[in-house]
Amino acid sequence: MDFGRLSDLRYVDFRLPTDHPETAAVLARSQAAAPAPRVFVGCPIWTNKAWLGSYFPAGIKDADYLHHYARQFNSIELNTTHYRIPDGPTVRKWRDATPAGFQFCPKIPQIISHDRELYNADDLTTTFCRAISGLEDRLGWAFLQLPPTFGPEHLPRLERYLLDFPDYVPLAVELRHPAWFSDPGLRESVFAMLEALGKTLVISDVAGRRDVMHMRLTTPVAFIRFNGHGLVPSDYARADAWAERLAAWLGAGLQTAYLFVHQKDIMHSPIWTQRFLERLNALTGLNVVPPRIIPQPVQGSLF
């Protein structure tokens with residue numbers, strides 16, 4: 001995730017902002033009927049060749065990567081759907097490669113979000129939603145990543161699109177244009193619209209755009225995209241801070257949390273996740289299993 005990435009972190013305040021005032025109200029309304037909370041953590045892709053011989057067995061075939069990824073993480077930010085709508089056999093193969101409880105969070109195809117900017121995209125959206133519904137119980141929240149060029153002048157188009165979006169696919173929305181957050185009145189009206197429509201607002205923890213750390217939950221589901229910087233000290237401090245904030249939200253009525261880890265070096269993602277889940281599990285009593293290096297077969301001696 002290059003959005004908001006900086007090479008110089010010296011002047012970045014990585015502390016999590018306080019909650020938006022409406023977040024507590026959203027959680028309070030869900031608390032009475034809240035099921036057992038669920039936490040999902042994942043990466044953007046599963047074809048991580050650098051994990052061969054550590055988090056993946058050495059020598060596995062490409063077709064087996066998802067199977068082994070799903071034994072290390074319980075979710076995936078499914079970026080492959082951003083580039084094409086998958087066919088039925090592909091979706092069934094993904095579903096069958098993963099255990100019960102695993103969640104895919106497919107990204108809306110770029111032809112809808114970026115090329116057409118939601119205009120005249122109903123048929124494509126229906127095709128996409130029907131395709132990913134084949135994931136069945138493995139389908140988590142799909143997410144609509146709007147481009148940085150998609151600003152508030154397109155608010156009526158966004159509202160119309162969300163109103164027409166198939167209700168059998170839960171949806172999170174990521175806003176990137178700075179103008180969505182710079183005008184307090186507009187910002188609050190957009191937050192309220194998403195809440196009224198039951199759409200989750202994505203929170204992106206990136207160095208260069210702290211305005212997208214709005215800490216406004218619009219549903220009892222948190223969808224967080226974390227951009228790390230190679231396990232520098234601030235990465236670990238942020239892991240602890242997110243564990244503490246999610247523990248507080250879970251205690252207040254949050255039903256589901258998705259957190260997706262973006263690191264330039266994919267070897268850093270499992271290590272960061274271990275730190276995050278160790279802290280979260282200790283605070284909440286949950287037992288979300290962290291990724292771990294697996295034993296590799298011992299090569300036979302030649303002597």
Side-chain angles (χ1 to χ4, degrees), residues 1-6 42-47 75-87 90-91 94 104-133 135 139-183 186-187 190-191 193-194 197-214 218 223-227 258 260-264:
M1 183 169 64
D2 291 329
F3 170 68
R5 184 175 286 278
L6 296 177
C43 300
I45 59 174
W46 64 69
T47 54
S75 188
I76 182 88
E77 184 187 274
L78 192 58
N79 279 340
T80 186
T81 57
H82 192 54
Y83 304 103
R84 65 178 181 87
I85 297 175
D87 57 26
T90 297
V91 170
W94 292 343
F104 292 86
C105 290
K107 188 184 289 189
I108 300 292
Q110 64 181 353
I111 190 174
I112 296 171
S113 59
H114 289 59
D115 298 343
R116 298 194 180 187
E117 293 190 323
L118 311 185
Y119 180 73
N120 195 24
D122 290 351
D123 289 346
L124 284 169
T125 300
T126 299
T127 300
F128 171 73
C129 289
R130 286 176 177 169
I132 64 171
S133 67
L135 291 167
L139 177 61
W141 254 241
F143 79 106
L144 170 64
Q145 181 188 88
L146 293 169
T149 55
F150 191 98
E153 68 274 14
H154 299 310
L155 176 57
R157 189 187 305 173
L158 173 61
E159 185 173 15
R160 184 73 262 163
Y161 182 81
L162 296 179
L163 282 165
D164 292 339
F165 193 84
D167 59 7
Y168 58 86
V169 173
L171 184 68
V173 179
E174 183 180 28
L175 301 172
R176 290 188 162 192
H177 195 296
W180 291 112
F181 305 98
S182 59
D183 181 319
L186 170 68
R187 181 178 65 230
V190 172
F191 291 169
M193 177 195 74
L194 293 171
L197 295 177
K199 307 305 181 190
T200 294
L201 182 58
V202 173
I203 299 172
S204 297
D205 188 350
V206 296
R209 284 290 304 277
R210 302 310 284 171
D211 56 337
V212 295
M213 287 282 290
H214 46 75
T218 54
F223 196 110
I224 300 152
R225 306 183 75 221
F226 175 88
N227 195 338
Y258 294 97
F260 295 108
V261 185
H262 294 253
Q263 294 272 6
K264 277 197 169 182

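The model shown is predicted, which means the values in this text are computed figures rather than measured ones. Start at 1 with the first residue, then count along the sequence.
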- Query: Under the salt bridge (Lys or Arg N to Asp or Glu O under 4.0 Å) test, which residues partner Asp164, sequence neighbours left out?
  - Reply: Arg160
- Other residues, nucleotides, ligands: >12 heavy atoms within 6.0 Å of Arg130 CZ: no
- Task: Give a yes or no on whether the backbone of Lys107 and the side-chain of Thr81 come within a donor-acceptor separation of less than 3.5 Å.
- Result: yes
- Task: Would you please name every residue forming a ring-ring contact (aromatic ring centres under 6.0 Å, His included) with Phe223, sequence neighbours left out?
- Result: Phe143, Tyr258, Phe260
- Query: Phe181 vs His214 aromatic rings, parallel, tilted or perpendicular, using cut-offs 30° and 60°?
  - Reply: parallel
- Enumerate the residue pairs fulfilling side chain to side chain donor-acceptor pair (under 3.5 Å) with a member in residues 147-157, sequence neighbours excluded, ordered by first and then second residue. Glu117-Thr149
- For Thr80, enumerate each residue passing the side-chain contact (heavy atoms from CB on, under 4.5 Å) test, keeping only those at least two apart in sequence or located in another chain. Leu78, Trp94
- Message: Just to verify, what does Pro170 make a side-chain contact (heavy atoms from CB on, under 4.5 Å) with, not counting sequence neighbours?
- Response: Trp141
- Query: Do any N or O atoms from the side chain of Trp180 and from the backbone of Val212 form a donor-acceptor pair under 3.5 angstrom?
  - Reply: no
- With sequence neighbours excluded, what pairs up with Arg187 under the salt bridge (Lys or Arg N to Asp or Glu O under 4.0 Å) test? none
- For the pair His82 (side chain) and Ile108 (backbone), establish whether a donor and an acceptor sit closer than 3.5 Å, ignoring hydrogens and angles. yes
- Query: What heavy-atom pair brings Arg84 and Thr90 nearest, and what distance separates the two atoms?
  - Reply: NH2-CG2, 4.2 Å
- Query: Hey, is the main chain of Lys199 close enough, under 3.5 Å, to the side chain of Thr218 for a donor-acceptor pair?
  - Reply: yes
